[in-house]
Amino acid sequence: MRARVLDKILSFFEGPWARLLMFPALAFMGIFILFPLVWSVYLSFTNYRLTGPEAVNYTFVGLKNYLKLFKDSEFLDAIRNSFVFTFLSALVGQTVLGLGLALVARMKEPEGVLGKVLKILKIVTITVVFISWVIPEVVAGYAWISLTETGGFFSTLFMGPAKSFKFEHPMETIIIANIWRGTAFSMILFIAALESIPSYIYEAAEIDGATPWQRFRYVILPLLSGAILVDLILITIWTFGLFTLVYIILGVPFRTMHWTIYVYYKGIDRYNVSLASAASNIMFLIVLALIVSYLVLMRKLRRWG
Amino acid sequence: MSTIRLESITKIFPPNVVAVDNVSLKIEKGEFFVLLGPSGCGKTTTLRIIAGLEKPTRGRVYIDEEDVTDLPPRKRDIAMVFQTWALYPHMKVYDNIAFPLKLRKLPQHEIDRRVREVAKMLRIEELLDRYPKQLSGGQQQRVALARALVRNPRAWLMDEPLSNLDALLRVQMRAELKRLQKELKITTVYVTHDQVEAMTMADRIAVMNRGRVLQVGTPFEVYHNPRTIFVGGFIGSPPMNFVRATFDKVGENYVLRFENVSLTIPSELGKHIENRVGTGSEVVIGIRPEHISLASAEEENAIPGEIYVVEPLGTETILNVKIGETVIKMKVLKELILPVGERVWIKFDLDRIHIFDPKTEEAIV
C-alpha cells in the first residue's frame, strides 16, 4: 500500500515535472557557489575593505584593482610561483609518479621467493603512499616542517646541521611535500583505469610482438588518456587552489609567495577584500583556460572514444 | 608453416588446480588442429601455453623443434585470435592490422601493401578507416583474423574465435576460415567446445577433459572409434546413447542383457569381449542415434519400446524411445511424427555398437 502511494508520487515527477526535483540541489549550489562567485566579481570592481570607511561606504572603482595587481610584482611573482608549483608538483610529480606506481601495482610478480618479496614490497609501498594521503593536511604540514627546519632530517641531510632546508629552498620544500601528499590520488585513479582495460588487450599486444615499452606507449597510454585527462583537470584545480599545506609549511613568506597565500594575505591580513577578490578572479580565469585547453587537446587525441 | 610439439606439459595453478595434466601433442606442418572439450577442460590453457601467455609448470614447448618454453610471446612469432577478438579500441582498422608490422619496423610502403592485401582477402577494404566500435561482430572478427594473418606468422592460435558470433554468421565463417587456412597452409591450433566446429574444420582433433588429452585423431576416427565413453558422448549430435548391460554367453551365442531385453550379438564381437572382460561382466553399450532403426516385432533382436518424445528437425526426426526405464535417442531420416506413448520396435545396428568398460570408461572394442 505504501509502496503504491510512493509510486504515485514518483510517477508524478516523471516527465516535465522531473526538473522540479533538481531544485534543492540548484538552490544549494546557487547560494554557496554561484552567489559568492558573482559577489566576488562585484567586489573586485569596488574599493571594499574589511575595516575602515570603505567597509561601509564602498564605491565602484572600475578596473582599478586589476590594474593595481598587474603592477604589483608580488602578485605577478605569486602567479608565476603557482604555475611552477602546479606544473612540477602536480602535473609532473603526482601524475607521472602516480601512473608509475599504478603500473607497478598492476604488475604480475614472477613465481618463487623473489616474487613474494616483491609483492610484499609493493603492498608496503602502496600502503605508505595511501597513508600520506589520508592523514590530515595540518598534521602533514607540521611533519614537513619538522623535517625541513634547522636540525630536521632533510635539512641535516642536504644542508648540514646549521641551516634550514625550507628557508633556503621554500619552493622545493612545498613541491616535494605536495608530491608526497597528493600522489596517492593519481595512483588510485590510474589503478582503477588500468583495471578497466581488459587483460586480453595487453595479451594481444604481447602476441603481436610489442616489447613492454611498446605495450605501454602504443596500447596502455592511449587507453588511459581519458583517465589522464580527469586526473589533470582535478589536480590542476586542487593544486592551484592549495592553501593549507602551503600555509602551514611556509606561512606568509617574503619570497615564493603562492597565489592562494597572496589572496589570504591581502584579504584577511590586510583587509583589502576587493583587491583579493580581483586576484581570485584572475586565477579563476587562468585555471578555466587551462582546463578548456586540456579538453580541446584530449578531444583531438581521443577521436575513437 | 611450422610444427608445434608439446612434451609432457603440466600446468598447475596455485594452490593446486591442475589445469593441464601431462599433455603431449605433435601438430604437423599446415595442419588444422582442434583442441576440443567442455569448458574447464584445459584446452584454452594449453593454447595459452603454446602462445607463451602462460608458463607450464612442467614440460617443454617446441616450435619447429626449437625449444620456446622460456621465450616470451613476442619472440615466438605466432599470431592469436581471441574469443573477444581483442582489437585495439583506439586504433582504426587499418592501424589495428598494421600494428604487428609497425612493431617490426617494416618500411611504410611494405606495411601499406600488406595491410591492403589482407584487407582485400578478407573483404574489409571499405572498413579500414573505421574504429572497432563502429563495426559489427562479424566485421570485428575479420579484422582480428586480418591482424593475425598480416605478418605470416609461424602458426595461428585461435581461442573460440566464432563463439561470439550469431549462429548464422558462425556457420558462414566456419567454412570461410577453413578455406582460408587451406589456402594459406598455416599451421593452426583451434580451441573450441563446439563439436560441430571441430568435426567440420579439423584435420585432426584432440579431445580433452579434466586437463588430459583423451584421444587424438581425424574427425572420422574420433567419431567412429571413440576410445572412451567421454569422447563418444561429447562428439555427435544428438550424443551417443549409453546403456549399461550384462554380457553373457548362452550356449554358443553371446548376449547383452539390459532392462528386459536380450540382444544376440555377432560371435566375433562376443569372443572379443569375452577375451577382454570375461562372461557375466558389466559393460556399457554405446550406440549412435543414427545407428538405430525402426523395426517390426518379428525381426531378430528387435527391442520393444514406446515413444517418449518426438523432435522433428525438418529432413530428419529424433525419436526418444523408452525401453523400460532407459530413454534411447534415435534418428530417422524422414519426417515422422508418432504419437507419444505409441508402441514401437527398434533395432540396433550391431556392427556399429561400441562396448565400454564401466570401470575404466575405456572402449573394449
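Every chain is numbered from 1 and lettered A, B, ... according to where its sequence line falls, protein lines coming before strand lines.
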Region of [X] that comes under 4.5 Å of a non-hydrogen atom in chain A:
{"X": "B:Arg48", "answer": "side chain"}
{"X": "B:Leu87", "answer": "backbone"}
{"X": "B:Arg104", "answer": "side chain"}

Check ion pair [X]-[Y] (N to O, under 4.0 angstrom):
{"X": "B:Glu66", "Y": "B:Arg76", "answer": "no"}
{"X": "B:Arg5", "Y": "B:Asp67", "answer": "no"}
{"X": "A:Glu206", "Y": "B:Arg74", "answer": "no"}

Consider side-chain hydrogen bond (donor to acceptor under 3.5 Å, both in side chains). Of B:Gln140, B:Gln139, B:Gln141, which one does B:Trp85 pass it with?
B:Gln141

